[in-house]
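Numbers restart at 1 for each chain; the letters A, B, ... are given by sequence-line order, proteins then strands.
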Amino acid sequence: MKVIKQSGLIIFLLGLTIFVGTIFTGSFNLNQSDLDTFIKEKNYKSTVIKSNLEKAIVTSEDLNIFQFSKRVIKAYESSNLYYDNLIQKYNKEKKWKEKGKQYQYKIGGKPHSLSFILAKKAGKGWAAENTTLMWFLTFGLGIIGALLFIVPDVVLLGKPGIKNDGIFLDAATNRGWIGWFAFVFLVTFYILLYFYPDLIVNWVFLVDPISASISGNPASQWFLYGFLYCTVMTVMAVRMYIKYRDNKYQILRTTSVLFFQIVFAFLIPEILVRFEKPWYDFKNAFPLDYDFFFRWNLDELLSSGGFGLFILVWGVVLTVVVVPVMVYFFGKRWYCSWVCGCGGLAETLGDPYRQLSSKTLLSWKFERIIIHSVLIFVLVMTGFALYTFFSGANQVIGIKTQTIQDIYGFLIGSIFAGVIGTGFYPIFGNRVWCRFGCPLAAYLGFIQRFKSKFRITTNGGQCISCGNCSTYCEQGIDVRAYAQKGENIVRSSCVGCGVCSAVCPRGVLKLENGPEDGRINPTEILLGNDVDLMNFVNQKQ
Amino acid sequence: MEHIVIIGNGISGVTAARHIRKNSNNKITIVSAESKYFFSRTALMYVYMGHMKFEHTQPYENWFWEKNNILLKQGFVSNILPHKKQLEFRNGEILSFDKLIIATGSKPNKFGWPGQDLDGVMGMYHKQDLEKLEKYAPDNKACNSAVIVGGGLIGIELAEMLRSRKIPVTFLVRENSFWNGVLPAQESEMINNHIKEHHIDLRLNTNLKEIKSDENGRVKSVIIEETGEEIFCNVVGLTAGVTPNIDFLKESGIELGRGVKVNRFLETNIKDIYAIGDCAEQHKAIGQRRNIEAVWYTGRMMGETLAQTICGNKTEYKPGHWFNSAKFLDIEYQTYGWVFSEIGKKENETYFQWQHPKEQKCITISFDKNTNQFLGINTFGIRMRHDIFNKWLTENQTIEHVLEHLADANFDPEFYKLYESEIVEKFNKENNTSIQTKKKSWKRIFSKA
Ligand SMILES: Cc1cc2nc3c(=O)[nH]c(=O)nc-3n(C[C@H](O)[C@H](O)[C@H](O)COP(=O)(O)OP(=O)(O)OC[C@H]3O[C@@H](n4cnc5c(N)ncnc54)[C@H](O)[C@@H]3O)c2cc1C
Ligand code: SF4
Ligand code: SF4
């Protein structure tokens, strides 16, 4: 068994190495006709961009992706520079009309995204041409290796039960060198994905056939991300099934998040695209889905006929009715631990890191400040977006709606939710985003805290203050602080993962939905003491 | 404002300090030789097993004490001078008090075995024991075999700890079945099997004769009393129970038995000196409880009670109905009320028992065979609600009532399979009754006794 596990690790690492190595393979050069179509499609007015690009990338040289990217970006920059110079020139000469004309020639958009589109057309080599083989050598080996590494645990971990032996003695799960390595890897991955998609175009080639079979289109970097996300979640869900096989709550919950990720977040939206409907994830509620009320999205929905309208109504109903009602009955866990994709990744890929989230009072303070700021940010931004949509004015009190949206998209949507939210798993624990950043979690949290049937019941006086619950709470809740006082846990940030209850060696904690009366039970003195004393203390309160 | 000095920063001392702080502005000093900050002794095992770091065993952050104006003093108290109201530390320092609380806990039993003080022989009680274990048994190369002497709750925890690092363990148990002085046979047997499933070499009916040393004064082997067999090992764990840690009081004039003798107000024979927790010994047993109770929550309750007395609300220590819990490797155990083993049970007490055909789950309900009054329940692998059993015990309910409403008491996580109907069916069959299980009712769960 051990041998299988170790060979699994080797195979996985081999797959990972090839995967990373793939970035550096292939050659990129565009042929003339592809460039012509591209320019036509883009409808550029610039007269120099075409020749710039021609000189840069229509070549018989074998460029690697880095050279290719550099050249494309330079081509765009020099085109823009050309017109900038003209603008300055006319400015000096005070030829205002001429100056004004030049702006139309400038080309907007993110340079690396433009480069991505061109690279997608220009790529040759292993990933682009031997896709199936390369898919197998990267994804295939990764999946097989990981499963070979994980599945022997059925035997190696021994009988069903809590399997946390050695977690704090292991470099992978105790911020050791492996943890830091994973951190650097994840952060780099997210930075490439969000800001340098062209550099990972070879990875996107690998999933082109899969994308074509689902949506009929070639893959984008977002398809790659979606596919990778589902793959990682599935493999790590197998790990969850084995680790928590004694606990039915965990098994059902894992199955549920996996289902919602694969079907709702991945397959349905792609299939919608196949039928020329807007890409939409039906479970992704505003304000997590922060661009739902952006003008471009509303325009797209409104122009997609009845179906678009349906999505619009559903999106609003989801946030305004479905979410709060469900939280009232079941707590925010129904979303965060049973449905949400971010939660899904945190509960599968992130599970090995749950013990790393900080339990200090200080981090709780930071958590509340940060998460509520994000909530305010998203609401203000949405206010701007809606104002812009209805009034047509693209700025409010002198601030451009677009600018706010861009800042949010960059800071929160990309950096916080992606780079920090997932990249920091191996250092700050899983759920960094869910705990500190997610505006939807903040909204659900209010309802959970003030109007819900959900609580974690503390079992009388059974707590021995061991601290397993607090240690393994991914949300950094000091569960023990409540349990040892005999107090139920009613906290806005609890995502109801149920792990505190699972790891408690004394059967002290139970997640349940019950009457609101008696949900919060401040008891100064614990059960077990004689009744008189309890009466005395309770009267005094 | 009085100066309250507490010796011992375990659960009992710390609870007393916290509640005195809540109810008064007395000056409070907690003295401890073991560690500066309070930690949870019950969690020591998880540190060795890598489930937690030592810092996770500390229920309060380090700033807590200063913020609450509780002074912490590290040092070993070597004597108490009651008439001067002073403590003497081993290094000669003196500390004065107005009121003194002795909360010095326990220490592992040693029965004078030859070799019991060799290097590599240790108890499992203090933080220092954990450090020793880390030193002598860091992995199964440095320690290729360990022997544990004494089959109680700490012994099985130590076995689990060593097994988590794949160290072969031989477990010497004096009784003919694990913990059968406390557990009914059905349960004790189940645990015997479970211990073996974890590849622990369980030796029942086995006593330790002596521990042998190598040339460096380190343990080399143990000799078994009954057979004379020699078992080679690098580490010996002595876990044959605990005794109150009160040797330093011998000269003080405070009345001692096995522990510090106290009355129901937790007062010793000397005014303004109190004792709580593991080290306190009641003059007379409370109900069916033992005079000395070395469990976590009784220490906590004594701390809570004494804090009331010290803050002017003189309060008798009245522990409610007995309850407890433990975990035997993978099997959780809870108990409410009194279930005595076959060895200890009285004539009027009888059992109703149920065991899962395949999994390691079982229950024993003890009841009065004349009145059918419910006396207590042991559950293995099933969690139960403390509130409910506490209420049933207060109301002197019958076993029929308990079985009928068993669903109210279940505390397993959601979606777990429930066994109420199987359990009740078995009872009905055995007793020719026709009890019907009722559905779980929140109204009943929240109603008070
Ligand atoms: C491994 C282990 C597991 C356990 N598991 C459980 C469990 O699951 N459930 C349960 O109910 N109970 C359990 N117990 C028992 C429980 O931990 C004790 O009952 C409880 O800790 C007693 O608390 P205390 O405050 O009375 O004393 P202690 O926690 O022993 O604290 C006494 C303190 O006083 C200090 N001290 C003693 N003498 C002096 C002196 N002369 N000068 C200065 N300082 C001194 C000691 O160093 C110690 O720090 C367990 C015990 C152990 C060792
Ligand atoms: S309190 Fe428990 S259920 Fe809630 S998030 Fe923390 S570990 Fe999960
Ligand atoms: S894990 Fe259980 S016993 Fe340990 S501190 Fe938490 S609630 Fe208490």
Study note, to complete from the structure: Under 4.5 Å to a heavy atom of chain A? For B:Gln58 that would be backbone
**Study point:** Note: B:Glu61-A:Arg480 ion pair, threshold 4.0 Å (strictly below)
**Key:** no
Practice item. Using non-hydrogen atoms and a 4.5 Å limit, figure out which bit of B:Met45 sits close to chain A: side chain, backbone, both or neither. Key: neither
Exercise for review: Check the pair B:Arg385, A:Asn459 against side-chain contact (heavy atoms from CB on, under 4.5 Å), reporting the backbone distance first and the verdict last.
Suggested key: CA-CA 6 Å; B:Arg385 221 177 265 273; A:Asn459 203 9; 4.3 Å; yes
Exercise for review: Could you check if a side-chain atom of A:Asp517 sits within less than 4.5 angstrom of a side-chain atom of B:Phe446, using non-hydrogen atoms only?
Suggested key: no
Review point. When you look at B:Met52 and A:Gln355, which way does the side-chain contact (heavy atoms from CB on, under 4.5 Å) test go after all the steps?
Key: CA-CA 8 Å; B:Met52 293 192 218; A:Gln355 66 283 355; over 6 Å; no
Revision key, fill the gap. For A:Lys510 and B:Asn410 the tightest heavy-atom approach is CE-O, 4.3 Å
**Study point:** Note, A:Asn174 side chain near B:Lys53 side chain (heavy atom, < 4.5 Å)
**Key:** yes
Exercise for review: Considering only heavy atoms and a distance below 4.5 Å, find which of A:Gly161, A:Gly507, A:Ala502 pairs most often with chain B.
Suggested key: A:Gly507
Review point. Near A:Phe366 CZ, under 6.0 Å, is it more than 12 heavy atoms from other residues, nucleotides or ligands?
Key: no
Point to revise | Beyond-backbone contact of A:Lys163 with B:Asp330, side-chain heavy atoms, under 4.5 angstrom | key: yes
Study note, to complete from the structure: Given A:Leu511, A:Asp478, A:Asn468, the one with more heavy-atom pairs under 4.5 angstrom with chain B than any other is A:Asn468
Review point. Where does A:Ile167 contact chain B at under 4.5 Å (heavy atoms): side chain, backbone, both or neither?
Key: both
Check your understanding: What heavy-atom pair brings A:Cys466 and B:Ala43 nearest, and what distance separates the two atoms?
Key -> O-CB, 3.2 Å
Exercise for review: Give the member of B:Ile445, B:Asn324, B:Thr298, B:Ile11 that has the highest number of heavy-atom pairs under 4.5 Å with chain A.
Suggested key: B:Asn324
Study note, to complete from the structure: Scanning both residues in full, the closest heavy-atom pair of A:Leu509 with B:Arg383 reads O-NH1, 3.7 Å
**Study point:** Within 6.0 Å of NZ in B:Lys141, more than 12 heavy atoms from elsewhere
**Key:** no
Review point. Under 4.5 Å between any side-chain heavy atoms of A:Leu169 and B:Arg165, yes or no?
Key: yes
Practice item. Identify which part of B:His199 has an atom lying under 4.5 Å from any heavy atom of chain A, answering side chain, backbone, both or neither. Key: neither
Practice item. Work out which heavy atom in B:Trp296 is nearest to a heavy atom in A:Ser465; give both atom names and the distance. Key: CZ2-CB, 3.7 Å
Practice item. Please flag which part of B:Lys166 lies under 4.5 Å from any non-hydrogen atom of chain A: side chain, backbone, both or neither. Key: neither
Practice item. Indicate yes or no: does A:Arg506 engage B:Glu332 in a salt bridge with an N to O separation below 4.0 Å. Key: no
Study note, to complete from the structure: Ranked by heavy-atom pairs below 4.5 Å to chain B, first place among A:Gly514, A:Gly467, A:Pro505, A:Ser470 goes to A:Pro505
Review point. Among A:Asp165, A:Thr173, A:Thr360, A:Asp246, which residue forms the greatest number of heavy-atom pairs with chain B at distances under 4.5 Å?
Key: A:Asp165
Check your understanding: Does A:Ile464 offer a backbone N or O that forms a donor-acceptor pair with the side chain of B:Thr42 under 3.5 Å?
Key -> yes
Point to revise | Heavy-atom pair count under 4.5 Å with chain B, highest-scoring of A:Phe168, A:Tyr249, A:Tyr472 | key: A:Phe168
Exercise for review: Check each atom of B:Tyr48 against the heavy atoms of chain A and say whether the ones under 4.5 Å are side chain, backbone, both or neither.
Suggested key: backbone
Point to revise | Salt-bridge contact A:Arg253-B:Glu414 (side-chain N to carboxylate O under 4.0 Å) | key: no
Revision key, fill the gap. Residues A:Thr457 and B:Phe411: closest non-hydrogen pair is O-CZ, 3.5 Å
Practice item. Show the numbers, then the answer: is there a salt bridge (charged side-chain N to carboxylate O under 4.0 Å, His left out) between A:Glu512 and B:Lys440? Key: CA-CA 13 Å; A:Glu512 51 188 1; B:Lys440 168 174 165 179; 3.7 Å; yes
Review point. Can B:Trp63 and A:Leu361 be said to form a side-chain contact (heavy atoms from CB on, under 4.5 Å), step by step?
Key: CA-CA 10 Å; B:Trp63 49 258; A:Leu361 205 61; 3.6 Å; yes
Exercise for review: Check step by step if side-chain contact (heavy atoms from CB on, under 4.5 Å) holds for A:Ile251 and B:Phe415.
Suggested key: CA-CA 10 Å; A:Ile251 290 184; B:Phe415 306 113; over 6 Å; no
Study note, to complete from the structure: Okay, A:Val508 and chain B: the region with an atom under 4.5 Å from a heavy atom over there is backbone
Practice item. Evaluate the criterion side-chain hydrogen bond (donor to acceptor under 3.5 Å, both in side chains) for residue pair A:Gln462 and B:Tyr336; output intermediate values, then yes/no. Key: CA-CA 10 Å; A:Gln462 288 282 23; B:Tyr336 301 99; 3.1 Å; yes
Review point. Which atoms form the tightest heavy-atom contact between B:Lys327 and A:Ile162, and what is the distance?
Key: NZ-CG1, 4.1 Å
Check your understanding: When heavy-atom pairs shorter than 4.5 Å are enumerated against chain A, which of B:His56, B:Arg41, B:Lys443, B:Met49 gives the highest number?
Key -> B:His56
